[in-house]
Structure formats: structure tokens, C-alpha cells
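These notes are about the structure you will find just below.
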Amino acid sequence: PDHLLALAAPQVWRVVAPRLYAWHVAQLDVEEQEIRDRLLAMRRRARDPETIATLTYLIARSLVRGGEPEQGLAMMDALVAERPRYAAAHYGRAQALQSLHRPEEALAAQQRGLSLDPDSPWAHLASAALLRQLGRLDAALAAARRAQELDDDDRPGLVEESMVLREMSRPADAAGRARLALSIDPRHAPALAALGEALLRLEENEAALAVFDQALSE
């Protein structure tokens, strides 16, 4: 019975929690075109404005992920114009602009979303990654630490902090943060990769290779 209930659960969500079901569809391990087709079919039937907005965001995100960032950006722009206080639309614009190699504009869009959604750990993590890529390392470090303050799961924030510290030429500190993430979950592949990169900076090449091998096996 438990197995049958697990199989049936997405179809229950489809009726009682369509936005949750939309996220389920968006995370399926299938081609992006198939994801978009399913989301578009849902949007044609949707009546609730919140559900429509979620579906539009997820369709646009799929376009960005599928290598069509210009189309994804156009959809996100329209969503922002229609719902300027919908934080996800601004985050979506940031993802599209980043894919189009427009990092300053991406950061501005990300920060606009963050101003509407200041307690989102994911948003602070995304900001940290953008700031790191732009070389604004002090601000990136602060954003990574803020993400940890807001999230019950410290692993993503610790990994991002490790990457920032590595770029700040603090490889020993970077290794320490990665190891702290691994103390929470020894099989966390991003933390293993971050540790390996830090060890390379410390010129501990054999140890780095062993860690990379372990990351690939997870």
C-alpha cells in the first residue's frame, strides 16, 4: 500500500496542490521540451493567478535550462511587468541574464528579487554565486553566511563559502568549510568537489585526486 500511495501522490498533488505538482513536473529527469509541453498543458487549464504565475516562471526557466535564454528572458520580462512583486520572476530574469553573459544585469535582477524575498536562503546563495563571479568577494562571503543563518541545511551555504574563500586566496579556510559540510554529510558531492579544489590550491595534489574520485562516485 505504501508503494501504491507513493506512486499516486503526484496525481493527488495535481488536484489539491497544482503549484506543488508543477514543481514536481519541472524537476522530472526528462528532456526540457517534454517538461515545457506538460507545463504548458497545465497552464492552459489553470485559472488561479498564483498557479499561472508559477507555471509561467517554470516554463521560462525550462527555456533557459534548455539553451534558449532569450526566449526565457522575454517570458520573465513579461511576468515581471505583470507581477512586479513576484520575487521568482526577478530571480528568473537573473538566471536568464546570467546565461546571456550579462552578469551585472543579472545581479541587479537578483537583488531586486531578494528585496522582495529577504528571508530566502536560496536567493542569498544565488546572490553569493553571482557576486563571486563578479569578483565582489567580501559581499559574496556575507551572502553565503547569511544563507547559512536562514537555512536548516547548512551544506549549500558552506560549499559556497568554501568557494568564495578559495577565490580570496584562503585555501586552508576553504578546506575547513568544505570539511564542515562533509561532517554533516560525508557523501555530499558538492562539498567533496569544493574540498578537492581547496586541496589543489594547497598543492596537496594526491589528496585532491582522492577526493575528486570520491565525488565522482557519489
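Residues take their numbers from the sequence shown, with the count starting at 1.
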Quick one: CG on Leu58 to CZ on Arg43, what's the gap to the nearest 0.5 Å? 11.0 Å
Same hydrophobic cluster for Tyr91 and Leu125, using side-chain heavy-atom links shorter than 4.5 Å among ILVMFWY? no
Under the 3.5 angstrom rule, does the side chain of His90 hit a backbone N or O of Met76 as a donor-acceptor pair? no
So CG of Asp119 and CD of Glu149: to nearest 0.5 Å the spacing works out to 11.0 Å
Donor-acceptor pair between Tyr21 and Arg38 side chains, under 3.5 angstrom: yes
Going by the rule side chain to side chain donor-acceptor pair (under 3.5 Å), which residues pair with Ser99 if we only count those two or more places apart in sequence or in a different chain? none
Distance from Arg187 atom CZ to Gln214 atom CD, nearest 0.5 Å? 9.0 Å
Would you call Arg170 and Glu161 a salt bridge, using N to O less than 4.0 angstrom? no
Is there a donor-acceptor pair under 3.5 Å between the side chain of His124 and the backbone N or O of Arg145? no
Calculate, to the nearest 0.5 Å, the distance between atoms CD and CG belonging to Glu31 and Asp37 respectively. 11.5 Å
Are Leu63 and Tyr57 connected in the hydrophobic side-chain network, where two residues link if heavy atoms are under 4.5 Å apart? yes
Nearest 0.5 Å, please: how far is CH2 in Trp23 from CG in Leu55? 10.5 Å
Does the Arg36 side chain pair with the main chain of Ser62, one donor and one acceptor, at a distance under 3.5 Å? yes
Shortest non-hydrogen contact from Ala140 to Arg132? CB-N, 3.7 Å
Taking the basic N atoms (NZ, or NE/NH1/NH2) and the acidic carboxylate oxygens, is any pair closer than 4.0 Å for Glu50 and Arg83? yes
Got His188 and Val159 here, is their nearest side-chain heavy-atom distance under 4.5 Å? yes
Please list, chain by chain and in numerical order, all residues satisfying salt bridge (Lys or Arg N to Asp or Glu O under 4.0 Å) with Arg166, sequence neighbours excluded. none
For Leu97 and Ala109, which heavy atoms make the closest approach, and how far apart are they? CD1-CB, 4.3 Å
With a 4.5 Å cut-off on side-chain heavy atoms, are Gln98 and Gln133 touching? yes
Is there a path of hydrophobic side-chain contacts, each under 4.5 Å between heavy atoms of I, L, V, M, F, W or Y residues, that connects Ile59 with Leu79? yes
Taking all heavy atoms of Leu114 and all of Ser127, pick out the closest pair and write down the distance. CD2-OG, 3.7 Å
Test item: Arg61 and Gln95 side chains (from C-beta on) under 4.5 Å apart, heavy atoms: yes
Less than 4.5 Å apart, side chain to side chain, heavy atoms only: is that true for Leu180 and Ser183? yes
Flag if over 12 foreign heavy atoms under 6.0 Å of CD, Gln27: yes
Quick test of your reading of the model: are Glu70 and Arg102 salt-bridged, counting only N-O distances below 4.0 Å? no
With rounding to the nearest 0.5 Å, note down the distance linking CD1 in Ile35 to CG in Leu28. 6.0 Å
So, do Leu116 and Tyr86 sit near enough that their side-chain heavy atoms are less than 4.5 Å apart? no
Output, in order, the C-alpha distance, side-chain angles, deciding distance and verdict of side chain to side chain contact (heavy atoms under 4.5 Å, CB included) for Arg136 and Leu130. CA-CA 9 Å; Arg136 301 179 191 177; Leu130 278 169; over 6 Å; no
State plainly whether one hydrophobic cluster holds both Val211 and Leu182, where clusters connect Ile, Leu, Val, Met, Phe, Trp and Tyr through side-chain heavy atoms under 4.5 angstrom apart. yes
Can you tell me if Gln148 uses its side chain to pair, donor with acceptor, with the backbone of Gly157 under 3.5 Å? yes
Linked, directly or transitively: Leu137 and Leu134 (ILVMFWY side chains, under 4.5 Å): no
Of all the heavy-atom pairs spanning Thr51 and Ala46, show the shortest one and how long it is. CG2-CB, 4.1 Å
If you compare all heavy atoms of Asn205 against all heavy atoms of Leu200, which two are closest, and at what distance to 0.1 Å? OD1-CD2, 3.6 Å
Should Arg201 and Glu167 be marked as a salt bridge (Lys or Arg N to Asp or Glu O under 4.0 Å) after you check the CA-CA gap, both sets of side-chain angles, and the distance that decides it? CA-CA 10 Å; Arg201 295 289 180 95; Glu167 295 304 312; 3.4 Å; yes
Going by the side-chain contact (heavy atoms from CB on, under 4.5 Å) test, name the single residue among Asp138, Leu131, Leu141 that passes it with Val164. Leu141
Under a 3.5 Å distance rule, please check whether Arg47 uses its side chain to pair with a backbone N or O of Arg45 as donor and acceptor. yes
Are the side chains of Pro18 and Asp48 in contact, using a 4.5 Å heavy-atom criterion? no
Would you name the heavy atoms of Ala181 and Arg155 that are closest together and state the gap between them? O-CG, 4.2 Å
Going through the checks in order, is the salt bridge (Lys or Arg N to Asp or Glu O under 4.0 Å) test met by Glu105 and Arg112? CA-CA 11 Å; Glu105 294 174 79; Arg112 174 58 179 154; over 6 Å; no
